[in-house]
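Here is the naming used below: chain letters follow the sequence lines, and residue numbers restart at 1 for every chain.
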Amino acid sequence: MKNIFALVDCNSFYVSCERVFRPDLKGKPVGILSNNDGCIVALSKELKNMGVHRGIPAFKIFHLVKQKKVTLFSSNYTLYGDMSARIMNVLSQFTPELEIYSIDEAFLNLNGFKSLDINEYGKKIKYTVEKWTGVPVSVGIGQTKTLAKIANHIAKKYQKFEGVFNIIDHPNFNKVLETVAVNNVWGIGHNYAKKLNKLGVQNVLQLVNRSDTWIDKNMTIVGLRTVKELRGISCIDLNLMTSDKKQIISSKSFGKPISDIDDLKQSISTYCSRAVEKLREQNSVAQQIMIFILTNPFKDTPQYANYISGRLSVASAYTPDFINLAIKLLMSIYKENYLYKKSGVMISDISPQYDAELNLFETAYVDDNRKIIMDCVDSINHKWGRNIMTFGSEGIAGKWQMKREFLSQRFTTNWNELPIVKA
DNA sequence: TCTGGGGTCCTAGGACCC
DNA sequence: TCTGGGGTCCTAGGACCC
């Protein structure tokens, strides 16, 4: 029995979100910047056609912005996250089994719709999402997730398919595989692609024709799983449960480089606070923390980078426990007179709050006031907006904080920033 | 002028145990 | 005198994803 997977992927997602509220930008070159407006992370087809690609530093195209040839936006994750939720909600009406794979992608199990014309169903999905949310999507259909990804790639690449491509039982299956380069396969990144090319494997057909032992030897069993999927044997199931994170990272580059210990303390406290907040969102506690600070490796200035781990005596989700330890760790690696560009916090050794290992001499997090306090802080911030309540050590509007000069409004999530329709 | 942030899984190698 | 072989756990690092 064959499986039917569909992969729905939004076209230039961040750009499309901005265009929903700026319809005048349809068909025009648009780019979205990373944090601190550093580099391009997403771009429209039109901008791509101007020779711009993902990852280039933003300042290189600022002159085009001044000439009004290109429009840029700072990342507006509040907006993108909310648009994503709307899209996923639409998709959930097309199947009982939906895996939200990323902010702009979802896998759908369509096994139950075999009696329908599956191509038509794909078109209907595409049409409905666009109609209801304003965001254009592409739909790829295959009998494994990896093949659905390939089909999606083809749907995007060739206009004649109008955004929907089904690779199941395709009359020219091998020919199709031959047109896809190995670096476009889900699970084959930069390094393996380079290695495969060297070994004489350029396209997907060549790859699937290699023996299992050859694949295993050169790409480990992870690669073998990918190749089996390409051959139509489903090895990667739909992941319907969102499982708890095993590590939580909060880290960012600074808007401006800093060298003062107080600024670093603020940044570490802020990232700590955010990471522990995420920890509580999944009702977990954690015992291990790692912090790091580093200078700008792209600059020709004195370099310093260091990281250090520490452990709490008992697992916790109480922000001050983590901040106190993090500051101690920071003091032990901090060196004066360097221009720091980035810091970060990573929390690990995570367990469920009600199943955490106990310590004979200390009260568990769930059993004392610390949980009550944190729950209270979280509910206030949830109701009134993030950062209404913060910890003193986080500081206020430090110069290290993120630069976002081209930010659009939070059109869909903030009453004060709703779009206005002029009659 | 200047280069994102947040994740997962697997493997290799060392320490340690019986 | 001899120094196997198998197992587990941990960590660092490499690969990948968006």
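At a threshold of 4.0 angstrom between heavy atoms, the contacts of K403(A) with the nucleic acid are absent. At a threshold of 4.0 angstrom between heavy atoms, the contacts of K341(A) are confined to the sugar-phosphate backbone, with no base atom among them.
Comparing N36(A) and P57(A), the nucleotide of DNA chain B nearest to each residue sits closer to the 5' end for P57(A).
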For nucleotides 7-10 of chain B, print each protein N/O atom paired with a nucleotide N/O atom at under 3.5 Å, atom names and distance only.
| residue | atom | partner | partner atom | Å |
| --- | --- | --- | --- | --- |
| dG7(B) | OP1 | K278(A) | NZ | 3.2 |
| dG7(B) | OP2 | I249(A) | N | 2.5 |
| dG7(B) | OP2 | I249(A) | O | 3.3 |
| dT8(B) | OP1 | K246(A) | N | 3.1 |
| dC9(B) | OP2 | K246(A) | NZ | 3.1 |

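A salt bridge does not link E281(A) with K245(A): every distance from a Lys NZ or Arg NE/NH1/NH2 to an Asp or Glu carboxylate oxygen is 4.0 Å or more.
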Using a 4.0 Å heavy-atom cut-off, write out nucleotides 13-18 of chain C from 5' to 3' as B (base contacted by protein), S (sugar-phosphate only) or - (no contact). --SSSS
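The shortest distance between the side-chain N/O atoms of K342(A) and the OP1/OP2 oxygens of dG5(B) is below 4.0 Å. Dashed line: the shortest gap from a side-chain N or O of S34(A) to OP1 or OP2 of dT3(B) is not under 4.0 Å. An OP1 or OP2 oxygen of dT3(B) is reached within less than 4.0 angstrom by a side-chain nitrogen or oxygen of N296(A).
Nucleotide dG4(B) holds its P atom 22 Å from the CZ atom of F13(A), rounded to whole Å. Protein atom NZ of K256(A) is 11 Å distant from nucleotide atom P of dC2(B), rounded to whole Å. Atoms CD1 (I40(A)) and P (dT3(B)) sit 13 Å apart, rounded to a whole Å. Here dC2(B) presents its C1' atom at 15 Å from CG of N35(A), a figure rounded to the nearest Å. In this entry the distance linking CG of N76(A) with C1' of dG4(B) reads 16 Å, nearest Å. Atom CG in D37(A) sits about 15 Å away from atom C1' in dG5(B), given to the nearest Å. Computed from coordinates, the Y77(A) OH to dG6(B) P distance equals 9 Å when rounded to whole Å. With rounding to whole Å, F298(A) atom CZ is found 5 Å from dT3(B) atom C1'.
No side-chain heavy atom of K265(A) sits less than 4.5 Å from a side-chain heavy atom of I268(A). When side chains are defined from C-beta on, K26(A) counts as touching R19(A), because their heavy atoms get closer than 4.5 Å. Considering only heavy atoms from C-beta on, V185(A) stays 4.5 Å or farther from H153(A) through its side chain.
Spacing of P atoms, dC18(C) relative to dT3(B), comes out at 24 Å, to the nearest Å.
Paired runs in DNA chain B that reach 3 or more consecutive Watson-Crick or G-U pairs, where each pair keeps both distances under 3.5 Å, cover B:5-18 with C:5-18.
Judged by distance alone, the side chains of S211(A) and T213(A) do bring a donor and an acceptor atom under 3.5 Å apart. With 3.5 Å as the limit, one finds no donor-acceptor pair spanning the side chains of T95(A) and N109(A). Side chains of Q303(A) and T295(A): a donor on one and an acceptor on the other come within 3.5 Å. S138(A) and N11(A) share a side-chain donor-acceptor pair at under 3.5 Å. There is no side-chain donor-acceptor pair under 3.5 Å between T413(A) and T78(A).
Nearest heavy atom pair, residue A317(A) against residue R280(A), reads O-NH1, 3.0 Å.
Checked against the 6.0 Å centroid criterion, the rings of F5(A) and F107(A) do not qualify as a close aromatic pair. If you look at F113(A) and F94(A), their ring centroids are not closer than 6.0 Å.
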